[in-house]
Amino acid sequence: MPTVKVYYFQLKAAGESIRLLLAYGGQEFEDIRVAREDWPELKPSMPFGQMPVLEIDGKKYAQSTAIARYLGRKYGLVGKDIEEDFEIDQIIEFFNDIRIKAASVFYETDENAKAKKQEENEKNHYPVMLKKLDEIITKNKGHMALGKLTWADFVFAGMYDAFKFLLKISDLDEKYPSFKKLQETVLSIPKVKAYCDKAPKSDF
Amino acid sequence: MPKTVLYYFPAKALGEAIRLLLAYSGQDFEDHRIKFEDWGSFKSLMPFGQMPVLEIDGKKYAQSTAIARYLGQKNGLAGDNLEESFEIDQNVEFLIDIRDEAAEVHYEKDAKLKATKYEDNLKNKYPAMLKKLDEIIKQNKGHIAAGKLTWGDFVFAGSFDYMKVMLRMPDLEKKYPSFKQVIDAVYADEKVRTYSEKCPKTEF
């Protein structure tokens, strides 16, 4: 049995999909949640000075989406060929685009610019992008791609609460019921649920 | 021979990696460059209302990194195993992180904020990130990952001029000769060279 560790902050956000995937795969792992004040000391030992990092028998894997795809492939949460795998990659990239737009508001320190960006996003970007995402999930019978469970669903489920927080759309669940439903689909998988029931809780 | 069309603006930016990969694959393609003023009438035809879009026998593929990975997998440029494929994904995700940081500044509309952000990035972000990228390429013998030519090299080479403009570092490859090694590795291919000699020239 390999020794597996996940290093991330005390959050779900970009690290949770990895934890959920490992749980799905029945892989025991050390869930290392680094407190902010302890991070500077740990930072130099991470491949890109960032987290999440997955460590398997001492080998470090970085970059959250790359890790999720790797575990997805290991656990058969992929398409049957290159064409199908592309579809997963495509929707993930689009989902990431929306997240980046929202994160850009979050990380903006100038209060005026922050408000302006949020307004622009709400007016020009979120309606179209979220509608598109909703259409895709609906078309795929409650999944991100291929009409079935793939690693993309785990990325979505893990990120969803942070995503909602970043978007600042308080009624997101009501506006797009397919989103919460997809998250629930992943979180209700028995092995995943077992992990979540025991894991430390965080808002996002 | 499948009818292949690449839709993008008259720019390299995020589309060039795909053109270079198509050239490398020996696949004839229509290099459909859509001027910004004409884009409005095409936008609704594209899966996500964006470009680049690759169309093969009428089927549309969107999202630039997903497309590059797909073409990489089709043409033996995606690593020989799961670990190598992961490494490419990881290092490309890091490369895109740098690109996203630079884009955040580049696309800032407020002149004062733009200047502040640029200074902050120049001081606090770019040096460490570019140094890391340089180390990675050196470790990989002049490549982005796996010590050999992969689709990651094409993403790097295709977006390099765009990166330079956004970073405001016109002599970037002089500062980091390893960057030129990656570009040279891509253009060492005769088909890639033939394409680049004949294609319309753009600044980035």
Side-chain angles (χ1 to χ4, degrees), chain A residues 14 43-44 46-50 53-54 56 59-74 78 81-101 103-104 107-110 112-114 116-117 120 125 128-129 131-133 135-136 145, chain B residues 43-44 47-50 53-54 56 59-75 78 81-98 100-101 103-104 107-110 112-114 116-117 120 125 128-129 131-133 135-136 139 145 152:
Chain A
K43 192 173 156 82
M46 297 302 163
F48 297 88
Q50 295 175 316
V53 165
L54 171 68
I56 304 176
K59 179 178 172 181
K60 288 185 165 74
Y61 297 73
Q63 302 298 334
S64 62
T65 308
I67 298 168
R69 186 181 296 101
Y70 174 77
L71 293 176
R73 284 173 176 161
K74 282 198 134 177
V78 291
D81 54 28
I82 293 173
E83 300 288 326
E84 289 203 344
D85 284 347
F86 166 80
E87 212 185 299
I88 303 170
D89 288 339
Q90 181 181 246
I91 186 60
I92 280 290
E93 206 168 325
F94 177 64
F95 176 59
N96 197 48
D97 268 0
I98 311 174
R99 186 194 59 78
I100 285 175
K101 276 214 163 17
S104 175
Y107 289 112
E108 180 57 67
T109 48
D110 182 286
N112 277 327
K114 194 179 177 103
K116 253 171 104 177
K117 270 188 183 177
E120 200 204 311
H125 299 299
V128 173
M129 293 178 104
K131 180 169 177 244
K132 184 78 206 175
L133 182 60
E135 275 171 17
I136 289 170
Chain B
K43 195 171 155 77
S44 60
F48 298 88
Q50 294 175 314
V53 165
L54 175 66
I56 305 176
K59 179 179 170 176
K60 288 185 168 74
Y61 298 72
Q63 303 299 331
S64 61
T65 310
I67 298 168
R69 185 181 296 103
Y70 171 75
L71 292 175
Q73 286 164 342
K74 279 197 121 174
N75 294 287
N81 52 49
L82 200 57
E83 304 293 320
E84 287 193 345
S85 295
F86 164 79
E87 204 186 309
I88 304 165
D89 287 339
Q90 176 190 256
N91 294 354
V92 169
E93 202 168 326
F94 176 64
L95 175 64
I96 291 173
D97 266 0
I98 307 176
D100 285 346
E101 289 286 354
E104 178 73 23
Y107 291 104
E108 174 56 60
K109 293 180 186 135
D110 182 292
K112 248 176 93 184
L113 267 182
K114 188 174 172 130
T116 312
K117 279 184 184 175
D120 181 45
K125 290 188 181 161
M129 293 181 108
K131 180 169 179 251
K132 182 74 206 180
L133 183 58
E135 277 169 17
I136 288 170
Q139 271 164 22

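This structure is a prediction, so every number in the text was calculated from the model and none was measured. By convention in this document, chain letters (A, B, ...) are assigned in the order of the sequence lines, proteins followed by strands, and residues within each chain are numbered from 1.
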B:Ser64 versus chain A, the contacting section by heavy-atom distance below 4.5 Å: both
Taken to the nearest 0.5 Å, the spacing of B:Asp100 CG from A:Asn96 CG works out to 7.5 Å
What's the verdict on side-chain contact (heavy atoms from CB on, under 4.5 Å) for A:Glu108 and B:Leu113, showing C-alpha distance, side-chain angles and the deciding distance? CA-CA 10 Å; A:Glu108 180 57 67; B:Leu113 267 182; 3.9 Å; yes
Can A:Lys117 and B:Glu104 be counted as an ion pair, charged N to O under 4.0 angstrom? yes
Heavy-atom distances under 4.5 Å only: say whether A:Glu135 touches chain B with side chain, backbone, both or neither. neither
For B:Leu82, which atoms come within 4.5 Å of any heavy atom of chain A: side chain, backbone, both, or neither? both
Proximity breakdown for B:Glu108 and chain A, heavy-atom pairs closer than 4.5 Å: side chain
Do A:Glu83 and B:Tyr61 have a side chain donor and acceptor closer than 3.5 Å? yes
Leading residue by heavy atom contact count with chain B [cutoff under 4.5 Å; candidates A:Ile91, A:Ile67, A:Asp89]: A:Asp89
For chain A, find which of B:Gln63, B:Glu87, B:Lys109 contributes the most heavy-atom pairs closer than 4.5 angstrom. B:Gln63
Part of B:Glu135 within contact of chain A (heavy atom distance under 4.5 Å): neither
Any B:Tyr70 side-chain heavy atom under 4.5 Å of A:Asp85 side chain: no
For B:Ile136, which atoms come within 4.5 Å of any heavy atom of chain A: side chain, backbone, both, or neither? side chain
CG on B:Asp110 to CG on A:Asn112, rounded to 0.5 Å: 9.0 Å
Look at atom NZ of B:Lys132 and say whether more than 12 heavy atoms of other residues, nucleotides or ligands are closer to it than 6.0 Å. yes
Identify which part of A:Ile92 has an atom lying under 4.5 Å from any heavy atom of chain B, answering side chain, backbone, both or neither. neither
So, do A:Tyr70 and B:Glu83 sit near enough that their side-chain heavy atoms are less than 4.5 Å apart? yes
Answer yes or no: is there an ion pair linking B:Glu93 with A:Arg69, defined by an N-O contact shorter than 4.0 Å? no
Heavy-atom side-chain proximity of B:Asp97 to A:Gln50 below 4.5 angstrom: yes
What is the minimum heavy-atom distance between B:Gln90 and A:Ala66, and which atoms define it? N-CB, 3.6 Å
If you draw a 6.0 Å radius around NZ in A:Lys59, do more than 12 non-hydrogen atoms from other residues or ligands fall strictly inside? yes
Side-chain heavy atoms of A:Phe86 within contact of B:Gln73, under 4.5 Å: no
For residues B:Asn91 and A:Phe48, determine if any side-chain heavy atom of one lies less than 4.5 Å from a side-chain heavy atom of the other. yes
